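Computed from a prediction, not measured in an experiment: that's the story for all the values here.
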Amino acid sequence: MTNQSREELKKEMMAEVDMKNIPAHIGIIMDGNGRWAKKTGQPRIVGHHEGARRVKNIVRFCNDIGVKHLSLYAFSIENWSRPSLEVSALMRLFSTYIIKERDGLNAENVRFEFCGRRETMPPKVMEELDNIVNYLRKNTGLTLTVCINYGGRAEIVDAVKAIIQKGYKPEEITEDLISQHLYCSDILPDVDLMVRTSGEMRTSNFHIWRAAYSELYFTPALWPEFDSVEMLKAILAYQKRERRFGMTSEQVQA
């Protein structure tokens, strides 16, 4: 499909979108960078660089259509087991992306947040992450939350540990209390729409707690191929679903 026809398709799809029903929080499992690189005959790290460039376009598009929160699964706790050269290259890429894109994000009025275990992050990368968080803190547009060194189970474990350390009694522990002790608890709401690229149909330990009632959308598109048209497909699929949260259709429609 040519770029021109892709733009025409985008315009047609935008006409179908209910702008009053845009998911407030979209979480994306950005999968397929390595497979894209293999498909195009290039090293895996080239796929990661191409994936990083894709982030910019998706952030701008989501911001333009009124998405409030976009959280991206960039590096899981389990990813440390990958080859050391790839891990090192990814950490350099995170720093490079943060430095390169911060003024562009600021111009778009985007806020930036980090979500994950801080204590085992490389200090230099964590310093750059903190710098961009502070630099963009006053922005009021979309909040871009990058999940690095993140795992949904680890997040819940860390929340429980924090609750125990504060001396709460068993009868005082509620869902709200656990929610208040998750990473970025004062920033991130529950996930409305979770998207995974590359054709894999699992959530891979991403936002286990917040995604309890999220709508799931799986696409065969590899992350470096995921553009605004693919995002629109996910949003339109979301808008066709009835979110009942345990209630009946009659209760929802009442």
For [X] and [Y], work out which heavy atoms get closest and say how close.
| X | Y | value |
| --- | --- | --- |
| Q42 | V46 | OE1-CG1, 3.2 Å |
| L72 | V55 | CD1-CG1, 3.7 Å |
| P224 | G32 | CD-O, 4.0 Å |
| I148 | M91 | CG2-CE, 4.4 Å |
| M231 | C62 | SD-SG, 4.0 Å |
| G151 | I77 | N-CD1, 3.9 Å |

Among L236, I235, V229, which residue meets the side chain to side chain contact (heavy atoms under 4.5 Å, CB included) test with K233?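 Exactly one option meets the side chain to side chain contact (heavy atoms under 4.5 Å, CB included) with K233, and it is V229.
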Test side chain to side chain contact (heavy atoms under 4.5 Å, CB included), reference R60, set D64, I58, N63, output is D64
_Hydrophobic clusters here meaning ILVMFWY residues chained together by side-chain heavy-atom distances under 4.5 Å, can you tell me if V67 and M19 are in one?_
yes
Out of the candidates K39, R53, R54, only one should pair with E225 under the salt bridge (charged side-chain N to carboxylate O under 4.0 Å, His left out) rule; please name it.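 Of the listed options, the one satisfying the test is K39.
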For a quick check under 3.5 Å, do [X] and [Y] share a side-chain donor-acceptor pair by atom type?
| X | Y | answer |
| --- | --- | --- |
| W223 | S198 | no |
| N57 | S228 | no |
| D192 | H25 | no |
| N139 | N106 | yes |
| Y183 | D158 | yes |
| S71 | H207 | yes |
| W80 | N149 | yes |

Apply side chain to side chain contact (heavy atoms under 4.5 Å, CB included) to residues T197 and I29 and explain how you reach the verdict. CA-CA 7 Å; T197 60; I29 303 169; over 6 Å; no
For [Y], is there an ion pair with [X] - N to carboxylate O distance below 4.0 angstrom?
| X | Y | answer |
| --- | --- | --- |
| R196 | E200 | no |
| E155 | R210 | yes |
| E8 | K11 | no |

Can you sort out the partners of R92 under salt bridge (Lys or Arg N to Asp or Glu O under 4.0 Å), two or more places apart, ordered by chain and number?
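Per chain and number, R92 pairs via salt bridge (Lys or Arg N to Asp or Glu O under 4.0 Å) with no residue.
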Fill in: Residues in salt bridge (Lys or Arg N to Asp or Glu O under 4.0 Å) contact with E78, at least two apart in sequence or another chain
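Listed in chain order: nothing, the list is empty.
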Flag side-chain contact, heavy atom, 4.5 Å: [X] against [Y]:
| X | Y | value |
| --- | --- | --- |
| L222 | F226 | no |
| L70 | I28 | yes |
| T143 | K68 | no |
| V195 | E230 | no |
| E86 | P83 | yes |
| I132 | F114 | no |
| I178 | T174 | no |

Hey, does the side chain of [X] reach the backbone of [Y] with a donor-acceptor pair shorter than 3.5 angstrom?
| X | Y | result |
| --- | --- | --- |
| N131 | E127 | yes |
| Q239 | D18 | yes |
| E128 | V125 | no |
| N205 | G152 | yes |
| N33 | R44 | no |
| T203 | F206 | no |

| task | Find the distance between CD (E215) and NZ (K240) and round it off to the nearest 0.5 Å. | result |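 Rounded to the nearest 0.5 Å, the CD-NZ separation comes to 13.5 Å.
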Quiz item: Between D130 and R118, is a salt bridge (charged side-chain N to carboxylate O under 4.0 Å, His left out) present by the stated rule, with each step listed?
Solution: CA-CA 10 Å; D130 285 338; R118 298 177 59 93; 2.7 Å; yes
Atom CD of E175: over 12 foreign heavy atoms under 6.0 Å: no
Q) Crowded around R153 CZ? As in, over 12 foreign heavy atoms under 6.0 Å? A) no
Practice item. Please assess R111 against E113 for the test salt bridge (charged side-chain N to carboxylate O under 4.0 Å, His left out), listing each intermediate value before the final yes or no. Key: CA-CA 7 Å; R111 182 175 173 180; E113 295 292 340; 3.0 Å; yes
*asked:* Please evaluate residues H48 and Y97 with respect to the criterion side chain to side chain contact (heavy atoms under 4.5 Å, CB included), reporting the C-alpha separation (whole Å), side-chain torsions for both, the decisive distance (0.1 Å), and the verdict.
replied: CA-CA 11 Å; H48 293 306; Y97 175 84; over 6 Å; no
Item checked: Geometric class of the H181/Y168 ring pair [parallel <30°, tilted 30-60°, perpendicular >60°] -> perpendicular
### Task
Could you go through the ring pair (Phe, Tyr, Trp, His ring centres under 6.0 Å) check for Y150 and Y73 one step at a time?
CA-CA 8 Å; Y150 174 88; Y73 204 8; 5.7 Å; yes
- Query: Taking it one step at a time, do D227 and R6 satisfy side chain to side chain contact (heavy atoms under 4.5 Å, CB included)?
  - Reply: CA-CA 10 Å; D227 60 6; R6 199 75 175 168; 2.8 Å; yes
### Message
Go through it in stages, so that I can follow the logic: the residues are L90 and F75, the test is side chain to side chain contact (heavy atoms under 4.5 Å, CB included), and I'd like the CA-CA distance, side-chain angles, deciding distance and then a yes or no.
### Response
CA-CA 9 Å; L90 280 169; F75 190 88; 3.9 Å; yes
